[in-house]
Structures are given as C-alpha cells and as structure tokens.
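A quick write-up on the structure given underneath.
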Amino acid sequence: MSELKKLAAFACGEAYIRNGQKIGVGSGSTVKYFVEFLKERYQSGKLKDIVCIPTSFMTRKWLLDANLPVSTLEQHYQLDIDVDGADEVDAKLNLIKGGGGCLTQEKIVQSCAKKFIVIADDKKKSKQLGENYKNIPIEVVPAAYVPVKKWIEELLGLFFAW
Ligand SMILES: O=C[C@H](O)[C@H](O)[C@H](O)COP(=O)(O)O
C-alpha cells in the first residue's frame, strides 16, 4: 500500500512540479511521499527556487525536517499549485477529504492555488462516495459545534457518535 502511495506521489511530482513554483503541500501519508519527492529533487539541485506552503502542522514539520523552503499565505497567497491526498475518489473525481483532520486549512491553501492536484492510489477509487470511506469529515469552529451538530442531526437525520 505504501509502495502505491509512493509511486503515485513521485509520478505526480514528475508530472507537475517545476522550478520556481510556489507549492501548497497537503496533508496525510500520501503527501509525506510527495515531500520525499521534493526533498530528493531539491537536495540534488534538480529542483530550484520553490516555496512550500503547508496545510497542517505535521506537514510543516516534514518540510522543515527535509530542509525545504517553507512559508505561509501571509508571505505568498498566490500559489502555482497545491498538491494533496484524498480519502476516497469517485468516477467523476468527487472527493472525500479531511479524514486526517486538516480539512479547513487544506481548503484555504487550495483556494489560493491556480492548479489543484490530488494524489490518490488505486485503493481510494470507488463508484460512489461512501463505498469505502464511511465517514464524512467536517471541521467546525469550537464556538459553533453545538448548533452545527443540531443542524446536521435535524436537517440530515444523521447522528454523531459522541
Ligand atoms: O486531512 C487529511 C487529508 O485530507 C488527507 O489528504 C487524506 O486524509 C488522505 O490521507 P492519506 O494520504 O493518509 O490516505
């Protein structure tokens, strides 16, 4: 499984990453391999003048540990590309995302990018969303969690496990 994620992440890097890009870097175990790709190319000098904007605390740490140039949307809010993973992908390329808990920051970074690329290996594919990944991640500002919970229960007839 990790081998598939690595292959997909490196193929994505080869196809879409170029010198001089400002790159949004998503979250999750697949993206960790994408960070590996960036590290390899950057250290070897094949990839130059990039700036990486992470979508989570963990990704920021991976980028810093890899000695890649890390920045924020305060410095760079116009990105060339954003690369992220997904929890499930249907035939029309609709996605479930955010299972790792980074949903909001991922969306903010993605909204600043000209191009959005999702890396997903074969295991993430389904005919209809929900076939494989049974949860829909949501992220709510703390002050709103009770009303949001009520609305979801009342409007959608769904119930929370907590
Ligand atoms: O919040 C997490 C992100 O949306 C991830 O991209 C998603 O959960 C996929 O993660 P993984 O690559 O670990 O399967």
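As a basis for the values below, the full set of heavy atoms in this structure was taken, side chains included, without hydrogen atoms, waters or symmetry mates. As the structure lists them, so they are numbered: ligands from 1, and atoms in each ligand from 1.
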Checklist entry - Is a side-chain N or O of D82 found less than 3.5 angstrom from the main chain of I23, in a donor-acceptor match? => result no

Checklist entry - Side chain of E131, backbone of K127: donor and acceptor closer than 3.5 Å? => result yes

Item to check | Closest to atom 9 (C) of ligand 1 (judged by heavy-atom distance), picking from G100, G98, A86 | outcome: A86

Next on the checklist: By the side-chain hydrogen bond (donor to acceptor under 3.5 Å, both in side chains) test, which pairs, at least two apart or in different chains, include something from residues 8-22?
Outcome noted: E14-R41

Checklist entry - Which residue owns the protein heavy atom closest to atom 3 (C) of ligand 1, what's the atom, and how far is it? => result E106 OE2, 2.8 Å

Checklist entry - Which atoms of ligand 1 sit under 4.0 Å from any heavy atom of T30? => result 11 (P), 12 (O)

Checklist outcome for this item: Under 4.0 Å from one or more heavy atoms of K124, ligand 1 contributes atoms 11 (P), 12 (O), 14 (O)

Checklist entry - If you draw the axis of the six-membered ring of F10, does the NZ or CZ of K6 fall within 45° of it and under 6.0 Å from the ring centre? => result yes

Checklist outcome for this item: ligand 1 to S29, heavy atom cutoff 4.0 Å, flagged ligand atoms 11 (P), 12 (O), 13 (O), 14 (O)

Checklist entry - Any nitrogen or oxygen of G28, main chain or side chain, under 3.5 Å from a nitrogen or oxygen of ligand 1? => result no

Item to check | ring-ring contact (aromatic ring centres under 6.0 Å, His included) involving Y133 - partner list, sequence neighbours excluded | outcome: none

Item to check | ligand 1 to V31 polar contact by distance, N or O atoms, under 3.5 Å | outcome: no

Item to check | Proximal ligand 1 atoms for G101, defined as those under 4.0 Å from one of its heavy atoms | outcome: 1 (O)

Checklist entry - Which is closest to atom 5 (C) of ligand 1 in terms of heavy atoms, S27, A9, A120? => result S27

Item to check | Contact atoms of ligand 1, heavy-atom distance to G85 under 4.0 Å | outcome: 6 (O)

Item to check | pair F34-I17: side-chain heavy atoms closer than 4.5 Å | outcome: yes

Checklist entry - Going by the order shown, which atoms of ligand 1 are within less than 4.0 Å of some heavy atom of D87? => result 7 (C), 8 (O), 9 (C)

Item to check | Electrostatic pair K114-D80, nearest N-O below 4.0 angstrom | outcome: yes

Checklist entry - Backbone or side chain, does any N or O of L103 fall under 3.5 Å from an N or O of ligand 1? => result no

Checklist entry - Is there a donor in the side chain of Q105 and an acceptor in the side chain of T55, or the other way round, less than 3.5 Å apart? => result no

Next on the checklist: In this structure, does ligand 1 have an atom that sits under 4.0 Å from one of the heavy atoms of K32?
Outcome noted: no

Checklist entry - Considering only heavy atoms of D84, which atoms of ligand 1 have at least one such atom less than 4.0 Å away? => result 6 (O)

Next on the checklist: Out of the candidates V70, V35, V83, only one should pair with V25 under the side chain to side chain contact (heavy atoms under 4.5 Å, CB included) rule; please name it.
Outcome noted: V35

